[in-house]
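Notes follow the structure.
Atoms within each ligand, like the ligands themselves, are counted from 1 in listed order. These figures come from a predicted structure and were not determined experimentally.
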Amino acid sequence: MRRATSRRLKGIGASPGIAQGTVYVVNAGLDAPPQFHLDQEAVPKELERFEAAVALSTRQIREIRDRLSGADGGEHLLILEAHLLMLNDAVFVEGVKSLVREETINAEWALRKTIERIRSMFEGLAHDYFRERGSDIDFVGERILRNLMGQAQVFAADDLPEDVVVVAHDLSPADTAQLTRFRVRGLITEAGSRTSHAAIVARSLDIPAVVGLPGMLQIAGTGDRIVIDGFTGEVILSPTAKQISTAKDSEQRARTKEKDAIRASLTPAHTKDGYKVSIFGNVELPLEADAVLSHGGEGVGLYRTEFLFVGRATTPTEEEHLQNYRDLARRLAGRPLTIRTLDLGGDKLFSTAHKVQERNPALGLRAIRLCLQQPELLRTQLRAILRVAAEFPVRLMLPMITDVSEIHSAKQLIRAEIQTLRAEGIEHSADVPVGIMVETPAAAIVSDLLAKEVDFFAIGTNDLIQYSLAIDRGNEHVAHMYRPLHPAILRLIAQTTEAASHAGISVCVCGEMAAEAIHTPVLLGLGITELSMNATAIPWVKKIVRDSSFTDCRRLVDELLMTCSPLEVEERLRAYLKVHHPELDG
Ligand code: PEP
Ligand code: MG
């Protein structure tokens, strides 16, 4: 039904693009699952019922995956693969079955208990992405529950009208991926953040999306007209004719602009005064390298290898590491690849054998600390990196370094593995460049000492900001204090680039700050000529590089470094952008 007055709402812009259409409400509500105790003799039948629901869920997800795999190889396919792995995961499936057996409870109850336990292992992880992956288990669990209870899956029928903007509380990756079956123009969810599934999948499917809009289901109904802006997060419910026509124009303009930016991005980026700035991609999975290249990336500046551990109960073997790195390197076809050694946070992502309870995992046994404490974990990975480096241009990067001794210990392990590989007659590289992440204040402060020990630096601003400003990067209560332009951060980056330049080594920035075009002039002014970011940010950052002059950026940064408060720095930068990059204003 059409309503009389238009209404503006603001959520989080999660997938760029502007669209207008009619609302289609997807009600994903699930009836409360039954919970009861079983008689002992009912247990075998209950186990069979659970196995049948798991088998049906597997078939359903495979079907969705197969239907989509011809279209494009986006990130959503990998999420579906991860869900299939979970459905086959012995810890998960056996966990439910043993609860049914031991506690003589029905399968729905046992499933909910198991999900709760697994989810709590994901919560509290240092990395947003991993925390979000905790919801994978919810989505997989809900699918099995629906099958156990005989409830239809969301989008079970071919019933979605064309040209709609789907509005839901939240959508599982499998359901979001199904949107490609229909001509969906946009997606709005009440729940979620930029790193939630619906957002990730919408981005990879190129569907404009706004997430984090609580209460939307109470005010929007199927058939309402709607305009959605996935850049700003703005939504207009029941727009006026003028607002619709403005949205149509903007939609067209945004598409053309994006296409132009991607086209222009395929050549190298030089500043107006002739400095070359190298732009690389950050990847979590080999497949993502394709998107990096198609968006103009010149290689991979950060491969977060800890993602090899997601969705499995055992640690990967050397061959698994090697196949994975080869796959990625082949996709890059001779372009540089920086492999970061495991940055596992706390204990939760791999077998229970390594489990450690920590009160504060971000300050705990993370990354290089864990790897040096459990060298077998690192050794396996080092061997695979040394082997792939014999075939492709690969660099090795150590995360979370705080002092020189960690580099010495890691290098000792590398030397030992080189010797062993040599003795075994296995092809490898004996001179792979070794670098470190500068992502702790300690590392930045002693960067002059560290620079003498390594071949390159990569500044991880996500952690550098978290640890310098004492702001948990995943805590929404202090998110407003997470300020990349804090004078402390600018000084630490300046100190690091200076140390690198003295030692004659390269320095790249690979935290989120590198992906935010408004920060590009600041990073250039701080002396950064290598940036690494998610694929979709590459065209926009390259454009700002091309429109910048290094001299202007230096002048700007000289001023910023003399400025007292983050607020003043931000204001000064805003004034600069207004003049030099008016398209970034606001
Ligand atoms: C960083 O800390 O900025 C970084 C790039 O590493 P991660 O986000 O994986 O911790
Ligand atoms: Mg980090």
### Task
Check ligand 1 against E439 and write out every atom of the ligand that is under 4.0 Å from a heavy-atom position of the residue.
1 (C), 2 (O), 6 (O)
## Note on the structure
The answer for which part of N282 has a heavy atom under 4.0 Å from ligand 1 is neither
### Query
Just wondering, more than 12 heavy atoms not from R491 lying within 6.0 Å of its CZ?
no
### Query
Between CG of L171 and CG of L187, what distance do you get to the nearest 0.5 Å?
5.5 Å
### Query
For the Mg ion (ligand 2), which N, O or S atom of E439 is at the shortest distance?
OE1
### Query
Does M533 have a non-hydrogen atom less than 4.0 Å from ligand 1?
no
### Query
Can you tell me if E512 has a non-hydrogen atom under 4.0 Å from ligand 1?
no
### Task
Within a distance under 4.0 Å of any heavy atom of G460, pick out the atoms of ligand 1 and give their elements.
1 (C), 2 (O), 3 (O)
### Query
Does CZ belonging to F392 count more than 12 external heavy atoms closer than 6.0 Å?
yes
### Message
Can you confirm, on distance only, whether ligand 1 has an N/O atom lying under 3.5 Å from any N/O atom belonging to E306?
### Response
no
### Summary
The single option from E417, E376, E320 that satisfies salt bridge (charged side-chain N to carboxylate O under 4.0 Å, His left out) with R383 is E417
### Ring-face cation contact, F550 with R554, 6.0 Å cut, 45° max
yes
### Query
Which atoms of ligand 1 have any heavy atom of M437 under 4.0 Å away?
4 (C), 5 (C), 6 (O)
### E288 side chain to Y303 side chain, donor-acceptor N/O pair below 3.5 angstrom
no
#### Entry: Distance-only side-chain donor-acceptor flag, R546 / T267, under 3.5 Å
yes
### Summary
Looking at D463, the N, O or S atom sitting nearest the Mg ion (ligand 2) is OD2
### Query
Looking only at heavy atoms, which two atoms of I368 and L398 are closest? And how far apart?
CD1-CD2, 4.0 Å
### Task
Using a 4.0 Å heavy-atom cut-off, say whether Q466 meets ligand 1 through its side chain, its backbone, both or neither.
neither
### Message
How about CD on E391, more than 12 heavy atoms from neighbouring residues, nucleotides or ligands closer than 6.0 Å, or not?
### Response
yes
### Task
Could you tell me which atoms of ligand 1, counted from 1 in the order shown, lie closer than 4.0 angstrom to a heavy atom of R304?
4 (C), 5 (C), 6 (O), 7 (P), 8 (O), 9 (O)
#### Entry: Option nearest atom 5 (C) of ligand 1 (shortest heavy-atom distance, choices A367, C510, P399)
C510
### Query
Just which atoms of ligand 1 are under 4.0 Å from any heavy atom in L302?
5 (C)
### Message
Taking 4.0 angstrom as the limit and counting only heavy atoms of G511, give me the atoms of ligand 1 inside it, by number and element.
### Response
3 (O), 5 (C)
#### Entry: Proximal atoms of ligand 1 relative to R366 (non-hydrogen, under 4.0 Å)
10 (O)
#### Entry: Distance-only donor-acceptor check, side chains D170 and T189, under 3.5 Å
no
